[in-house]
Number of protein chains: 2
Amino acid sequence: MIAANPGEAEFLRRYDASWYEKPSFTVDLVIFTVRDEHLHVLLVKRAEHPFKGCWALPGGFLDPRRDASVDACAARKLVEEAGVRAPYLEQLKTYGSRDRDPRGWTATTVYFALMASASVRLRGNQAEACWVGVRGDRVDFDLGFDHARILADAVERLRSKLEYTHIAVHLLPEEFTLPELQRTYEIILQQPLDKSSFRRRVVQADMLEELTGKQRDGFGRPAQLYRFRDYDRQTFFPRSISRHAR
Amino acid sequence: MIAANPGEAEFLRRYDASWYEKPSFTVDLVIFTVRDEHLHVLLVKRAEHPFKGCWALPGGFLDPRRDASVDACAARKLVEEAGVRAPYLEQLKTYGSRDRDPRGWTATTVYFALMASASVRLRGNQAEACWVGVRGDRVDFDLGFDHARILADAVERLRSKLEYTHIAVHLLPEEFTLPELQRTYEIILQQPLDKSSFRRRVVQADMLEELTGKQRDGFGRPAQLYRFRDYDRQTFFPRSISRHAR
DNA sequence: GAAATAGTGTCTATCAGACATTATGGC
DNA sequence: GCCATAATGTCTGATAGACACTATTTC
């Protein structure tokens with residue numbers, strides 16, 4: 001990144017970034033969890049204008065002094081809004097236009113995060129925050145800005161990635177059973193999956209580690225507990241789950 | 001987008017976006033084409049500091065006065081740099097950090113574009129531009145900023161999308177033969193594909209329209225010409241091309 | 001033993017890979 | 001006819017879906 005280029009040091013000494021008009025830049029988060037048999041998204045009630053009193057995705061201005069990078073800004077806001085360290089966090093897309101925010105030209109880079117519902121502690125920060133059930137690809141009330149569109153894109157990405165990756169494990173606690181994992185997939189994909197096929201897929205991908213303890217549910221045979229083998233590596237299924245199963 | 005919210009009009013009247021410190025915001029392009037049996041990317045030689053004289057991806061500052069949106073900005077730069085109207089253009093990712101540009105905090109939203117090599121006319125704009133062959137996921141010389149990393153990400157995304165979508169048609173002229181399309185896939189995926197399987201895939205996807213004319217090559221039986229049926233709809237193959245074929 | 005849930009075995013349809021075969025042009 | 005390339009046909013192996021069956025717990 002250091003360029004030994006004649007004249008560049010001089011150029012940089014004189015350079016002033018405020019010469020140019022810039023858009024405002026924000027980072028927003030679509031934080032998903034599964035609880036009560038439904039996909040939920042974390043929303044905040046806006047305390048300030050614009051859209052004061054409306055529900056919106058958590059997020060806000062990037063602070064060039066505090067945030068070393070856009071990723072770091074997203075991680076910071078994740079902690080501030082959801083009090084969580086490092087669950088699954090992935091950049092979704094950047095939305096920017098002259099009219100998406102009444103304050104003027106803004107761009108927002110949106111991240112989507114997955115977490116186990118138990119691992120969240122909503123800190124009663126400045127803003128009122130709560131989990132809202134997602135029906136189809138939307139929530140039941142109006143969202144500020146273009147956040148309804150962003151949420152729809154995020155839900156689509158989540159569904160799409162569930163078909164060929166393991167990311168749903170990030171929606172469960174560290175130890176979980178295969179029926180729980182399957183149920184998570186079914187809730188998000190909104191379709192029943194075959195038990196046998198599902199298990200084959202997961203076992204063949206060799207991503208799970210069997211734990212010797214067992215979990216007992218209220219009824220029936222207890223289910224084997226598993227743990228995800230490698231939270232860093234993102235692995236892919238060789239074939240996609242058919243959206244037209246059944 | 002218009003909020004009938006008490007106090008909001010007053011708030012907006014007083015609001016001044018320059019209260020907050022903002023990062024600079026740019027849009028960069030990774031423009032791919034296939035020519036001479038190789039994947040190529042469009043690079044420009046930087047006329048100004050920083051990285052003056054280095055090769056870099058085309059792009060530059062978003063202009064809030066001229067650009068209605070980030071997408072519009074990308075389209076504008078595509079015309080300016082490559083003189084092309086509307087080929088395939090897709091947002092790749094946003095890169096932003098304190099140290100990726102010596103001028104200070106910048107974020108760049110990167111798009112990747114595909115085009116037929118014949119459709120490009122490089123306008124000798126302010127910058128010197130040329131097509132550079134991609135070897136693996138890089139070019140043969142150093143790129144300014146973090147553009148080597150960005151290029152690698154773009155190549156990976158291109159390869160990945162080729163395995164399950166039709167986007168390679170955007171690298172060919174409007175009329176093309178199946179062997180030409182197959183060759184394009186082979187060049188980018190860097191692996192030979194079976195003719196029969198390839199044709200089955202493409203035909204079953206029902207995306208091509210047979211043209212009655214035929215094209216003759218120097219030798220052998222002439223190949224049937226086809227046209228892509230719907231440039232807007234993005235369709236997907238039911239299964240991915242195996243990366244481990246052969 | 002009945003109910004409930006976990007987990008396994010097996011059949012089948014589908015489809016990609018492999019490769020042989022036929023088709024159609026130039027020379 | 002020969003060569004080169006395009007296009008088709010057929011076999012096979014892998015695997016997802018379907019579903020029957022077994023296993024293990026609580027009551």
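Chain letters run A, B, ... following the sequence lines, proteins first, then strands; residues in each count from 1.
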Among D:dA16, C:dG17, C:dA6, which is the nearest nucleotide to the side chain of A:K195? C:dA6
B:R199 has a side chain; which of C:dG7, D:dA7, C:dA18 sits nearest to it? D:dA7
Output yes when B:E186 and B:R183 qualify as a salt bridge under the 4.0 Å nitrogen-oxygen rule, no when they do not. yes
Could you walk me through whether B:E90 and B:Y88 pass the side chain to side chain donor-acceptor pair (under 3.5 Å) test, one step at a time? CA-CA 7 Å; B:E90 167 185 322; B:Y88 183 80; 2.2 Å; yes
Between A:Y95 and A:D28, do the side chains contain a donor N or O and an acceptor N or O under 3.5 Å apart? no
Out of curiosity, A:K93 NZ to A:R157 CZ, how far, rounded to the nearest 0.5 Å? 9.5 Å
So, OP1 or OP2 of D:dA23: does either fall under 4.0 Å of a side-chain N or O from A:R221? no
note: A:Q224, atom CD; D:dA23, atom P; distance rounded to Å ~ 17 Å
Donor-acceptor pair present, B:R201 side chain and C:dG17 base, under 3.5 Å: no
Taking side-chain contact (heavy atoms from CB on, under 4.5 Å) as the criterion, tell me which of A:L43, A:L143, A:L151 meets it with A:V132. A:L43
Grab the CG-P distance between B:D194 and D:dG13 for me, whole Å please. 16 Å
Can you work out whether A:G220 or B:Y226 has the more 5'-proximal nearest nucleotide on DNA chain D? B:Y226
hbond_proxy B:S196 side chain to D:dG9 base (donor-acceptor, 3.5 Å cutoff): yes
Interatomic distance where CD belongs to B:Q191 and C1' belongs to C:dA16 [whole Å]: 12 Å
Roughly, in whole Å, what's the span from CG in A:L189 to P in D:dG17? 11 Å
Measure CG/B:L225 against P/C:dG25 and give the value in whole Å, please. 14 Å
To the nearest angstrom, how far is A:Q182 atom CD from D:dA18 atom P? 12 Å
Output the rounded distance in Å from CZ (A:F198) to P (D:dA18). 15 Å
Base C:dG7 to side chain A:R200, donor-acceptor N/O within 3.5 Å cut-off: no
What is the separation between atom CZ on A:F219 and atom C1' on C:dA6, rounded to the nearest whole Å? 15 Å
